[in-house]
Amino acid sequence: MTPPTSRTWARRGTTPVIRVRGRSQRRFSIAAMCCYKPGERSRLVYRPKRHTDHKSGGRKSFAWTEYRDLLIAAHQQLGGPIVLVWDNLNVHKDRRMRAFIDAHDWITAYHLPPYAPDLNPVEGIWSILRRTSQANTAFTDPDHLMRRLRHGLRQIQYRSDIIDGCLTGTGLTLTTPRLQAQ
């Protein structure tokens with residue numbers, strides 16, 4: 001990961017330079033869910049993964065089973081039904097994932113229009129993560145990168161106002177159906 005740059009300083013007339021030792025062939029993935037429930041604080045549920053076998057033809061991203069496990073963990077943590085608003089990642093539309101969602105009544109899934117990152121609150125999380133804990137850092141090894149990722153995500157996780165801001169930035173609003181009097 002080439003380090004993102006943000007504001008920095010240097011002596012007058014000297015351009016600040018961040019030295020990076022070549023490109024790493026190691027691969028990391030992070031799956032995250034911004035969770036909103038009216039009347040409660042917003043939450044971020046995430047799972048980082050280091051892909052150790054991607055050079056030998058192994059998978060270079062999360063498999064549908066790992067997204068399934070993330071959904072199950074989120075359901076247990078949140079203690080209620082989940083309404084997913086997903087982008088059009090191919091794993092999200094996998095037939096096995098659809099079968100899993102159809103088999104569980106506590107999951108309802110909606111897909112965003114094709115290529116609509118501005119409607120996805122998690123994109124705001126990635127932007128904040130890159131501009132804060134990842135900025136101006138040349139990682140010494142993969143473990144250093146993973147530690148910084150986890151630390152940055154944990155900081156965002158404890159700030160529900162940041163997560164709310166990512167939802168507000170999409171222009172989407174929370175709506176709940178009104179219960180009919182019986």
Side-chain angles (χ1 to χ4, degrees), residues 1-36 41-74 76-78 84 86-92 94 97 112 115-170:
M1 176 179 199
T2 304
T5 55
S6 65
R7 290 185 65 137
T8 187
W9 64 271
R11 291 184 181 186
R12 188 175 299 235
T14 306
T15 303
V17 176
I18 299 174
R19 302 214 184 277
V20 179
R21 284 186 268 148
R23 294 239 179 232
S24 171
Q25 294 301 313
R26 295 177 187 91
R27 184 139 180 138
F28 295 91
S29 295
I30 304 171
M33 296 171 56
C34 292
C35 305
Y36 304 97
R41 71 177 185 86
S42 301
R43 297 185 189 184
L44 178 69
V45 179
Y46 66 91
R47 296 288 183 275
K49 180 180 178 181
R50 183 175 178 180
H51 305 281
T52 54
D53 62 345
H54 76 279
K55 284 186 185 179
S56 61
R59 187 160 185 87
K60 296 177 183 173
S61 63
F62 276 87
W64 79 271
T65 53
E66 291 158 327
Y67 281 106
R68 176 200 63 199
D69 295 344
L70 177 63
L71 288 172
I72 291 169
Q76 291 173 347
Q77 183 178 346
L78 300 171
L84 289 174
W86 266 356
D87 56 13
N88 286 291
L89 186 66
N90 60 356
V91 179
H92 296 168
D94 187 280
M97 180 57 81
L112 292 170
Y115 196 73
D118 51 323
L119 296 177
N120 190 347
V122 176
E123 295 297 333
I125 298 294
W126 301 144
S127 175
I128 291 167
L129 184 66
R130 285 185 61 86
R131 288 182 286 128
T132 56
S133 68
Q134 306 296 296
N136 294 344
T137 305
F139 302 104
T140 56
D141 57 18
D143 293 328
H144 181 213
L145 171 61
M146 188 58 84
R147 281 192 310 273
R148 291 296 295 260
L149 285 171
R150 286 180 187 268
H151 178 74
L153 286 167
R154 219 173 299 119
Q155 285 182 322
I156 294 170
Q157 206 174 26
Y158 294 129
R159 299 277 313 273
S160 61
D161 58 322
I162 291 176
I163 301 168
D164 290 340
C166 291
L167 178 66
T168 303
T170 66

Evaluate side chain to side chain contact (heavy atoms under 4.5 Å, CB included) for Arg43 paired with Met33, printing each intermediate quantity in order.
CA-CA 8 Å; Arg43 297 185 189 184; Met33 296 171 56; over 6 Å; no

Less than 4.5 Å apart, side chain to side chain, heavy atoms only: is that true for Pro142 and Phe28?
yes

Counting N and O atoms only, with roles assigned by atom type, does the side chain of Asp87 sit under 3.5 Å from a partner on the main chain of Ala116, one being a donor and the other an acceptor?
no

Atom CG in Leu89, atom CE in Met97: separation rounded to 0.5 Å?
9.5 Å

Yes or no on salt bridge (Lys or Arg N to Asp or Glu O under 4.0 Å) for Arg148 and Asp143, after CA distance, side-chain angles and deciding distance?
CA-CA 9 Å; Arg148 291 296 295 260; Asp143 293 328; over 6 Å; no

Can you tell me how far apart CD1 (Ile125) and CG (Leu153) are? Round to the nearest 0.5 Å.
8.0 Å

For the CD atom of Gln134 and the NE2 atom of His151, what is their distance to the nearest 0.5 Å?
10.5 Å

Taking all non-hydrogen atoms of both residues, which atom of Ser133 and which atom of Gly152 are closest, and how far apart?
OG-CA, 3.5 Å

So Cys35 and Val45, side chain to side chain contact (heavy atoms under 4.5 Å, CB included) or not? Walk me through it.
CA-CA 7 Å; Cys35 305; Val45 179; 3.8 Å; yes

Could you give the side-chain donor-acceptor pairs of residues 62-73 under 3.5 Å, partners two or more places apart or in another chain?
unit_1, atom_1, unit_2, atom_2, d
Glu66, OE1, Lys49, NZ, 3.4
Glu66, OE1, Ala63, N, 2.6
Glu66, OE2, Lys49, NZ, 2.4

So CD of Gln157 and OH of Tyr46: to nearest 0.5 Å the spacing works out to 5.0 Å

OH on Tyr158 to CG on Leu44, rounded to 0.5 Å
11.0 Å

Residues forming a ring-ring contact (aromatic ring centres under 6.0 Å, His included) with His144, sequence neighbours excluded:
Phe139

Quick one: pull up CD1 in Ile30 and CG in Leu129 and give me the separation to the nearest 0.5 Å.
6.0 Å

Output a table of donor-acceptor pairs, distance under 3.5 Å, between side-chain atoms of residues 159-170 and any protein atom two or more places apart or on a different chain; print 'none' if there are none.
unit_1, atom_1, unit_2, atom_2, d
Arg159, NE, Asp161, OD1, 3.2
Arg159, NH2, Asp161, OD2, 2.9
Asp164, OD1, Ser42, OG, 2.2
Thr168, OG1, Asp164, O, 3.0
Thr170, OG1, Leu167, O, 2.5
Thr170, OG1, Leu172, N, 3.1

